[in-house]
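What follows is one structure encoded as structure tokens, with my remarks underneath.
Throughout, protein chains are lettered first and strands after them, A, B, ... in sequence-line order, and every chain is numbered starting at 1. Just so it is clear, the values below take in all heavy atoms, side chains as well, and ignore hydrogens, waters and symmetry mates. Treat the numbers as computed from the prediction; the structure is a model and nothing was measured.
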Number of protein chains: 2
Amino acid sequence: MTTKNRPPTIGDVAQRAKVSIATVSRVLNGKVPVAPDKADRVRAAIEELQFVPRTAARVLASRKTGTVGLVLPEISGAFFSPMLRGVEAGIRQAGYDFLIHSMQTTHEGIPHRQLGEHNTDGLIVFTGSLDIKELTRLNRINFPIVLLHQTPPESLNIPVITIENKSGAEMLVDHLIEGHGRRRIVYLQGPEGHEDSVWRERGYRESLEAHGITFDPELVATGGFDDEEAFATIQELILEGVEFDAVFAGDDDAAMGVMRALKLAGRLVPDDVSVVGFDDIPFARYVSPPLTTIHAPIEEVGREAVSQLMRLINGQQPEALTLMRTELVLRESCGCESGEIKPASPMDP
Amino acid sequence: MTTKNRPPTIGDVAQRAKVSIATVSRVLNGKVPVAPDKADRVRAAIEELQFVPRTAARVLASRKTGTVGLVLPEISGAFFSPMLRGVEAGIRQAGYDFLIHSMQTTHEGIPHRQLGEHNTDGLIVFTGSLDIKELTRLNRINFPIVLLHQTPPESLNIPVITIENKSGAEMLVDHLIEGHGRRRIVYLQGPEGHEDSVWRERGYRESLEAHGITFDPELVATGGFDDEEAFATIQELILEGVEFDAVFAGDDDAAMGVMRALKLAGRLVPDDVSVVGFDDIPFARYVSPPLTTIHAPIEEVGREAVSQLMRLINGQQPEALTLMRTELVLRESCGCESGEIKPASPMDP
DNA sequence: ACGCTTTCTGAAAGCGTTTTCAAAAGTATA
DNA sequence: TATACTTTTGAAAACGCTTTCAGAAAGCGT
């Protein structure tokens with residue numbers, strides 16, 4: 001008996017169980033029946049040897065990676081935690097591994113390995129993280145992909161999971177107008193390439209129009225989905241003397257920056273200016289005043305993305321478009337009153 | 001010419017460039033010099049064929065996965081976003097892939113593939129996510145691991161990255177006592193097995209002692225690192241008639257729950273009760289009143305963890321213990337005054 | 001032009017599984 | 001008991017790269 005000190009392989013197990021490696025492989029994968037006595041011997045040998053199959057060898061031989069990739073533009077904000085949570089849970093449940101790439105640091109020089117056909121079985125792609133060219137290439141070779149919060153080019157047939165941005169925005173603006181008589185409502189756009197933002201703006205415009213308010217381009221500015229950027233933008237707006245009585249921030253993070261800028265300028269929220277956000281991140285109800293916003297089922301979007309991706313991977317027909325329901329959450333930053341802080345808004349409707 | 005329609009392999013490239021596959025491999029990896037003309041031919045062939053090497057094959061042949069794993073107990077709270085961000089950035093910069101596993105869903109039945117020697121080159125393990133047995137096993141085979149916020153058993157020689165929990169807690173409690181004359185300070189423990197919590201409690205006790213205040217077990221309760229749990233605990237404390245004039249919540253998330261419970265009970269913060277947190281998550285300054293807390297360099301902890309792991313992977317001597325500096329951030333929830341909301345507390349000192 | 005290094009190169013041997021194929025062993029039917 | 005299937009099984013061929021080894025080519029001093 002050679003006392004090689006390297007980790008056991010399937011061959012060692014086979015030898016010990018007195019079967020062929022093919023048989024070991026079969027009990028490992030459980031797809032093909034194996035005689036109970038042999039199967040037991042194999043299992044015992046695996047246990048004794050503490051054998052763990054090498055992933056790489058399996059992947060190479062089976063041409064399946066057992067891995068799902070998530071591609072993000074960046075990891076930041078309160079938004080990503082629930083989303084990751086949803087995706088991770090879904091992937092785990094499906095028995096896959098979870099590889100994550102963020103594009104945030106396009107380090108000079110290091111072009112960094114692409115996630116794609118050769119290292120994953122499918123990709124979940126968040127808006128703004130993969131260019132059309134790569135998307136097209138992957139689609140052409142029929143590689144499973146789902147898009148998050150991004151409509152694909154018409155020519156590509158890629159399932160999309162997103163939320164009701166437009167109607168959410170409409171609810172918000174409707175409420176500002178109808179509930180609080182606001183007329184000059186600033187809209188803060190999200191970051192470039194972030195599709196949520198364009199839908200929200202569309203909802204904003206339609207609501208305006210429905211109430212006979214003419215759209216004023218002066219009232220649309222860029223806020224990013226980021227409190228600092230929103231802060232700066234609102235300061236600038238005030239400096240320029242633009243008049244407004246409400247702000248629809250691109251998302252909740254931006255709304256924070258808006259409120260800070262307003263407070264600094266001595267404008268009272270919601271007395272002088274109503275502020276509303278989007279997403280209903282956990283902290284929205286803790287800020288002062290508590291933020292009126294749209295509840296987005298972020299974690300479920302992640303789960304649903306995995307679910308559709310799995311259909312694709314398993315050759316089933318996926319839903320072309322999954323639109324997750326959003327919901328108006330009235331708190332105080334719009335001008336509504338609320339006796340006390342209510343329990344958390346529903347995460348699992 | 002056979003028109004096989006499968007993705008090109010290194011052999012196809014070699015054939016096209018009229019060199020051996022060994023040479024292609026060499027230009028791919030760049031470790032061994034190759035004649036410039038051949039190298040150019042190879043690069044051209046790769047480009048034309050759109051060749052991408054199969055990760056699995058490389059891993060199998062080289063016995064290196066090029067992947068780092070992160071093991072977490074769960075993905076939640078405002079804490080994880082910056083941490084993930086730091087880890088991801090570090091791993092990317094080091095040219096590795098990033099596999100993430102969370103233990104949150106120990107789905108019945110699905111024991112789920114372990115992250116370990118066979119699918120990663122090293123592991124970053126967050127407190128509470130791997131049991132001693134597995135840790136010991138991995139350590140015995142000399143597998144690169146760093147621990148986050150958790151001291152390893154003495155027998156194991158595993159590098160640790162953590163933050164100055166104890167001195168941070170001391171600063172906080174010192175301030176509560178010296179700055180605001182508080183004497184009956186509640187301490188809310190974090191979740192079971194979370195080491196940060198025990199250090200914070202130690203700091204709490206030492207500060208008490210240093211000020212001649214006797215420790216009262218009645219004032220220590222469990223709050224989780226979670227606003228709902230903290231909320232419930234504070235409600236209970238009030239119901240039981242426990243008297244206190246300050247609360248040191250386990251972390252900022254818990255502090256939110258504390259403030260909500262207090263508000264609901266009609267206790268004013270900070271007039272009746274001072275509240276302080278720990279971590280300085282981005283929202284800490286936006287809540288009402290703005291939260292006094294300890295700033296923890298979470299993202300840097302993530303980066304540093306990768307950095308130490310890389311030393312281990314590359315056979316260099318790592319730092320046995322990396323203690324990241326924390327800093328007191330005075331806002332209003334303790335009773336301090338602040339004229340206006342200040343810009344973000346420093347994330348990159 | 002001749003040895004002696006040094007630098008490049010290709011053939012071939014792995015790396016550790018899965019999977020195909022055909023043979024062996026069982027089972028049910030006649 | 002023989003025949004025709006149906007299960008189980010093992011041998012061996014992939015899977016697509018890296019790496020070792022030895023030989024070829026090139027550089028260099030004389």
Testing dC17(D), dG10(C), dC8(C) for proximity to the side chain of T23(B), the answer is dG10(C)
Base, sugar-phosphate or nothing for S25(B)? Non-hydrogen atoms, less than 4.0 Å. base
Donor-acceptor contact below 3.5 Å, side chain R311(A) vs main chain Q316(A): no
Sub-4.5 Å side-chain heavy-atom contact between L70(A) and L84(A): yes
Which nucleotide sits closest to the side chain of R63(B): dT18(C), dC15(D), dC15(C)? dC15(C)
What is the distance, to the nearest angstrom, from the CD1 atom on I10(A) to the C1' atom on dG10(D)? 13 Å
Select one nucleotide: of dC17(D), dT9(D), dC8(C), the one nearest the side-chain heavy atoms of R58(B). dC17(D)
So which nucleotide from dT19(D), dT17(C), dT9(D) ends up closest to the side chain of K38(A)? dT9(D)
Once you round it to whole Å, what is the distance between P of dC15(C) and CD1 of I21(A)? 13 Å
SB check E299(A) R303(A) (cutoff 4.0 Å): yes
L60(A) CG - dC15(C) P separation (whole Å): 14 Å
Whole Å only: how far is the CZ atom of R54(B) from the C1' atom of dT17(C)? 17 Å
What nucleic acid atoms does V34(A) come within less than 4.0 Å of, heavy atoms only: base, sugar-phosphate, or nothing? sugar-phosphate
Please state how far atom NZ in K31(A) lies from atom C1' in dT8(D), giving the value in whole angstrom units. 18 Å
Contact class for A35(B) (heavy atom, under 4.0 Å): base, sugar-phosphate, or nothing? sugar-phosphate
Find the distance D12(A):CG to dG16(C):C1' and express it as a whole number of Å. 11 Å
Establish whether the base of dG10(D) is bridged to the side chain of R26(A) by a donor-acceptor pair shorter than 3.5 Å. yes
Close side-chain approach of H149(A) to I163(A), heavy-atom, < 4.5 Å: yes
Euclidean distance, atom CG of residue N119(A) to atom C1' of dG16(D) [Å, nearest integer]: 15 Å
Considering only side-chain heavy atoms of A61(A), which listed nucleotide, dT18(D), dT18(C), dG10(C), is closest? dT18(C)
